[in-house]
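Report on the following structure.
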There are 2 protein chains.
Amino acid sequence: MTKYKKHERQEILLTRINEDPFLTDEKLADIFKVSIQTIRLDRLELSIPELRERIKNVATEEVDKIKSLSLQEVIGEIIDIDLNAQALSLFIIEEGHVFERNEIARGHFLFAQANSLCVAVINRPLALTKSAEIEFIRQAKLHDKVISKAVVNEMDNNKAAITVESKVDGRLIFKGRFVMYYSNEGDEIG
Amino acid sequence: MTKYKKHERQEILLTRINEDPFLTDEKLADIFKVSIQTIRLDRLELSIPELRERIKNVATEEVDKIKSLSLQEVIGEIIDIDLNAQALSLFIIEEGHVFERNEIARGHFLFAQANSLCVAVINRPLALTKSAEIEFIRQAKLHDKVISKAVVNEMDNNKAAITVESKVDGRLIFKGRFVMYYSNEGDEIG
DNA sequence: CCTCATTTAGTAGTTGGTACTAAAATCAGT
DNA sequence: ACTGATTTTAGTACCAACTACTAAATGAGG
């Protein structure tokens, strides 16, 4: 239980505060068994803002994140659309979408992109997926830009058949055939 | 531009602070053209905490949300598992999972639950979805508790066939047949 | 005009700091 | 063991944004 050296302590301090930004100087002084002044000097040298600033930052940052997450409601960004005919979307694979171990995208995000695109191309108050046959052909990896294309093959009064193909760098990674149910008013299915 | 009456002012104060929790008493006093003391009395009567408390609340709330979202990495909570044989998971439909308009769950979350469950039941370093046939039988609504059951039908050296059924209150809402690819080391697919 | 509610003023004390000065302790090298 | 630099403490004054309290001023209505 020897005390850390300055440099050592500062490194740990950084990660500690990163993990838990809600730590006061007093608590930190307690943790490292040094005086409050030492902690303050450390923060000064590492230009770590004071507790209140840190909390404020968390509060404002996370408000932004929530906004961008509700944007993720429709997964992927629609880049071209020809209503009831075809549509294109772009989805960039980020940290949250992959298996930690190998950075391969989880299948359901690719499905979600395709599914969202089907909902979008059928622009109705109610559009639900009825069934789908899908195939994962190749892996998508972290930071890949996935371009998904949906083409409406058939449409009748309340159903549409849509095929979706997703590609990374022009290579097919996913394809699916979706049957969508839709209506113009708030009908019930099943 | 007459001054508000007490009650009136307090109502507006409430909504104002709700909209923007980062307002100091000083700014609020300025807005309502009253003294700081009046604002403090108002907050006391309405039991609105002080600025710093409010900011802290925002920060902690949002930290919780982020945590529950990275937990969403595996969508749904696994409640029972018999490796390579079958597994059960629970997924509660929340605000972020439904269409705003009608509070019906987006299909890809139900798919994600099923897909995650398939990955979980095949407990291998690499387990990827190869293909799936799925059917959405009935809608799931906001706050529904969806129980998903995966049963492994066949397994060979590197593939498994799994059927999944999801129910709400015992009624079938989704079913799917998944083919999963897996390996014990970091092999490549395709 | 009197009275009760409302508003404002002012003081002391709190938390979690900054900014600064200065003393004490520790360490490194000779 | 001594010196000089580095590091750590100690201590003071000050700040924001309050709470908690007392007391005075200002309304508004009967």
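Below, chains carry the letters A, B, ... as their sequence lines are ordered, and counting in each starts from 1. Bear in mind the structure is a predicted one, so any value in this text is a computation, not a measurement.
- As judged by a 4.0 angstrom heavy-atom cut-off over every strand, B:Arg54 is placed among residues making no nucleic acid contact.
- When every heavy atom of A:Arg54 is checked against every heavy atom of A:Pro49, the shortest pair comes out as NH1-O, 2.8 Å.
- Less than 6.0 angstrom separates the ring centroid of B:Phe91 from the ring centroid of B:His97.
- For B:Leu51, the listed nucleotide lying nearest its side chain is D:dA17; candidates were D:dT19, C:dG16, D:dA17.
- In terms of position along DNA chain C, the nucleotide closest to B:Lys6 lies nearer the 5' end than the nucleotide closest to the other residue of the pair B:Lys6 and A:Ile48.
- The distance between atom CG of B:Asp25 and atom C1' of C:dT8, rounded to the nearest whole Å, is 15 Å.
- The base of C:dG10 lies close enough to the side chain of B:Gln37 for a donor and an acceptor atom to sit less than 3.5 Å apart.
- Enclosure of atom CD in A:Glu154 is not indicated, since only 12 or fewer non-hydrogen atoms of other residues, nucleotides or ligands lie within 6.0 angstrom.
- Look at NZ on B:Lys5: it is 13 Å from C1' on D:dG27, rounded to the nearest Å.
- Contact annotation for A:Ile36: no contact, since no heavy-atom pair falls under 4.0 Å across all strands.
- Going from atom CG of B:Leu23 over to atom C1' of D:dA16 covers 16 Å, rounded to whole Å.
- Between the side chains of A:Ser131 and B:Glu133, no donor-acceptor pair of N or O atoms lies under 3.5 Å.
- Nucleic acid contact class of B:Glu50 (heavy atoms, under 4.0 Å, all strands): sugar-phosphate only.
- The base of D:dA17 is not paired with the side chain of A:Arg52 by any donor and acceptor separated by under 3.5 Å.
- Regarding B:Arg43, its CZ atom lies at a distance of 12 Å from the P atom of D:dA17, rounded to whole Å.
- Rounded to an integer number of Å, the gap from CD of B:Glu26 to C1' of D:dC15 is 13 Å.
- Separating the CZ atom of A:Arg9 from the P atom of D:dT7 is a distance of 10 Å, rounded to the nearest angstrom.
- D:dT8 atom P lies 14 Å from atom CG of A:Leu44, rounded to whole Å.
- In this structure, A:Leu41 places its CG atom 10 Å from C1' of D:dT9, rounding to the nearest Å.
- Within 6.0 Å of CD on A:Glu26 lie no more than 12 heavy atoms contributed by other residues, nucleotides or ligands.
- B:Thr38 has no side-chain polar atom (N or O) that falls below the 4.0 Å cut-off from OP1 or OP2 of C:dT7.
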